[in-house]
Amino acid sequence: MGMNKLQANLCLLCVTLIWSTEVVIFACIPNDVLPFATTCITSLTGAVLLFLGFFKRIIAAFRQDGLKLVRDCLLLSVLDCSYNVMYIYGLDDFDVSTGAFTLSMTAVVLPVILLMKKENVDIKTWISAGLVLAGIMFALARNLFDISIPGLLLIFGGCIIRAVFIVRLNHYARKYDAIAIAFSYTLPVAFISFIIWVIIQPATFAAIPWNKEVIASLFIYSYFVVALAKSLNIFAQRRATPASATIIYSCEIIFSLIWGLTLPESLIDPAAPDAFTFIGVAFIVLGNMAQLADFSKLKRRKEAQNGTS
Amino acid sequence: MGLLDNKRHPILSGVLLLLILVGSYLIVAIPFKVMEVIPGFTDIRPVMLLQPIYGLFFGIIGCLASAISNLICDIVSDSLRWSSIGGFIANFLGPLVFYLFWTRISKKDFNIRNAKNLLIYCAVTLFSALVQTVIITPMVKLIYPDIQGTLFALSVMANNTLFPIFLGIPIIILLQEELGLHPKTKKERQ
């Protein structure tokens with residue numbers, strides 16, 4: 001039957017929640033383990049888990065779509081790795097809270113990209129994007145004169161690439177099997193991350209301080225964040241528009257703020273939200289509500305009421 | 001599903017299903033037993049998201065799998081005590097609440113396709129969590145008198161409501177709507 005719009009939105013919200021727990025899971029991994037190392041290991045393990053669980057489905061998808069599926073998923077992997085690398089280096093110039101807000105810029109960039117592709121963009125998507133942009137501006141206003149321009153440009157570039165990634169993913173999600181996409185673009189991500197990892201840290205696997213906590217964290221990340229969240233995201237993207245998905249993703253800042261306020265300092269940099277942060281979050285929540293509200297339903301109901309009266 | 005749907009060997013297919021469910025539970029649960037997610041507070045149990053799934057999609061076998069898996073987790077993590085009997089009962093009853101509600105009480109088939117059904121699911125989750133808290137807390141308090149009963153009860157309630165709601169709902173949607181798994185409750189009602 002396939003999930004409906006409400007279910008797709010719930011799934012996207014869950015995906016965002018899972019992504020936001022990344023910091024909590026990675027708290028058990030020493031800081032000297034490179035992000036490329038964790039991406040390589042978790043992507044590889046996630047892909048293996050997906051293959052073990054759905055090998056019949058994945059093989060059938062490859063038989064049906066073959067090279068086209070491989071080519072398109074390879075593009076997704078390159079986009080995924082590119083925006084993640086830009087985020088990793090861009091975020092070095094920001095504190096956690098401000099950095100998280102800047103990542104929400106994808107929600108603003110995406111409608112512009114859709115417009116450039118001559119695709120229709122709803123008025124409510126523009127309203128949502130405007131509200132999210134206002135939220136980011138409020139959050140950045142606090143450190144306006146201390147903002148690092150190169151860092152901001154890197155994150156902005158990452159957001160543009162991520163927006164392109166979401167548009168492509170949304171398109172492919174309707175074209176190919178969701179699990180096959182999740183598997184086929186996760187595997188090259190592991191490979192690309194491995195190449196970068198070897199260049200930066202030739203000792204690779206030997207450089208990781210293996211212990212039961214590190215193994216458990218990597219495994220949890222592999223099945224929750226990689227295998228589950230990626231598959232769930234692709235299934236939900238089939239029923240959602242790229243714009244609505246991106247606006248929901250911007251909720252990650254709200255979850256991150258909750259973790260920052262509730263979890264101990266040993267796990268996550270404690271959040272010290274000020275009025276600007278709360279106003280910023282409030283605008284992002286409003287942006288989400290504007291995107292999710294079904295105005296046409298309200299209009300129909302009003303018309304029906306007018307008709308009966 | 002092949003062997004799992006084997007009508008000629010129902011006991012064999014039941015045992016096989018039980019083993020698969022126990023295995024899946026342990027894969028999710030054991031890493032969280034190994035690592036201390038929040039220092040000083042070890043009992044974060046995302047595996048509780050499986051309870052409604054086991055009850056709704058696998059019926060009594062699912063309930064049994066939940067109880068046995070929890071017991072195995074207690075053994076593996078060296079926390080097997082007399083209170084594990086309470087844990088066994090509670091972890092059997094938790095998924096059973098979902099199964100009984102949609103086979104005996106609700107007149108409609110299970111799905112989460114609208115806001116009303118979503119609210120019903122949340123209410124059943126809350127009731128299931130309450131049942132488990134009422135069973136586990138007194139037994140643990142009896143064996144460990146020093147433990148803070150209220151805090152313990154709150155942690156059981158939180159684990160058994162938050163994870164089945166925030167993680168369980170999307171996975172149920174995925175299983176039912178996209179992966180074609182039908183709730184066992186539907187077959188039982190027919």
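None of the values given here were measured: they were computed from a predicted structure. Every chain is numbered from 1, with letters handed out A, B, ... down the list of sequences.
For Phe205(A), the CZ atom sits in a packed shell: over 12 heavy atoms of surrounding residues, nucleotides or ligands are nearer than 6.0 Å. Annotation: Phe62(A), atom CZ; neighbour count of heavy atoms from other residues, nucleotides and ligands within 6.0 Å is above 12. Annotation for Trp210(A): atom CH2 counts as buried by contact number, over 12 foreign heavy atoms lying within 6.0 Å. Shown here is Lys175(A), whose NZ atom has more than 12 heavy atoms of other residues, nucleotides or ligands within 6.0 Å. Enclosure of atom OH in Tyr144(B) by more than 12 non-hydrogen atoms of other residues, nucleotides or ligands within 6.0 angstrom is indicated. For Ile11(B), the CD1 atom counts as loosely surrounded, since its 6.0 Å shell holds 12 or fewer non-hydrogen atoms of other residues, nucleotides or ligands. By the neighbour-count criterion of 12 heavy atoms within 6.0 Å, atom CZ of Arg63(A) is sparsely surrounded, having that number or fewer from other residues, nucleotides or ligands.
Only the side chain of Leu49(B) comes within contact range of chain A, judged by heavy atoms closer than 4.5 Å. Proximity to chain B is limited to the side chain of Leu228(A), based on heavy atoms less than 4.5 angstrom apart. Contacts between Asn111(B) and chain A at a heavy-atom distance below 4.5 Å are absent for every atom of the residue. Within the 4.5 angstrom heavy-atom criterion, only side-chain atoms of Ile18(A), from C-beta onward, approach chain B.
Of the listed residues (Gln7(A), Arg57(A), Arg238(A)), the greatest number of heavy-atom pairs within a distance under 4.5 Å of chain B belongs to Gln7(A). Each of Pro46(B), Ala115(B), Pro170(B) has some count of heavy-atom pairs under 4.5 Å with chain A, and the biggest count is that of Pro170(B).
Contact of the Phe219(A) side chain with the Ile27(B) side chain is registered, since non-hydrogen atoms from C-beta on lie closer than 4.5 Å. Looking at heavy atoms from C-beta onward, Phe54(A) lies in side-chain contact with Leu179(B) at the 4.5 angstrom threshold.
The SG atom of Cys11(A) sits 6.5 Å away from atom CG of Leu174(B), with the distance rounded to the nearest 0.5 Å. Atom CD of Glu178(B) and atom OG of Ser231(A) lie 11.5 Å apart (nearest 0.5 Å). Rounding to the nearest 0.5 angstrom, the gap separating the CZ atom in Phe255(A) from the CZ atom in Phe166(B) is 7.5 Å. Separation of atoms CD1 (Ile171(B)) and CG (Leu232(A)) is listed at 7.5 Å; rounding is to 0.5 Å.
In this structure, Glu177(B) contributes its side chain and Asn4(A) its backbone to no donor-acceptor pair below 3.5 Å.
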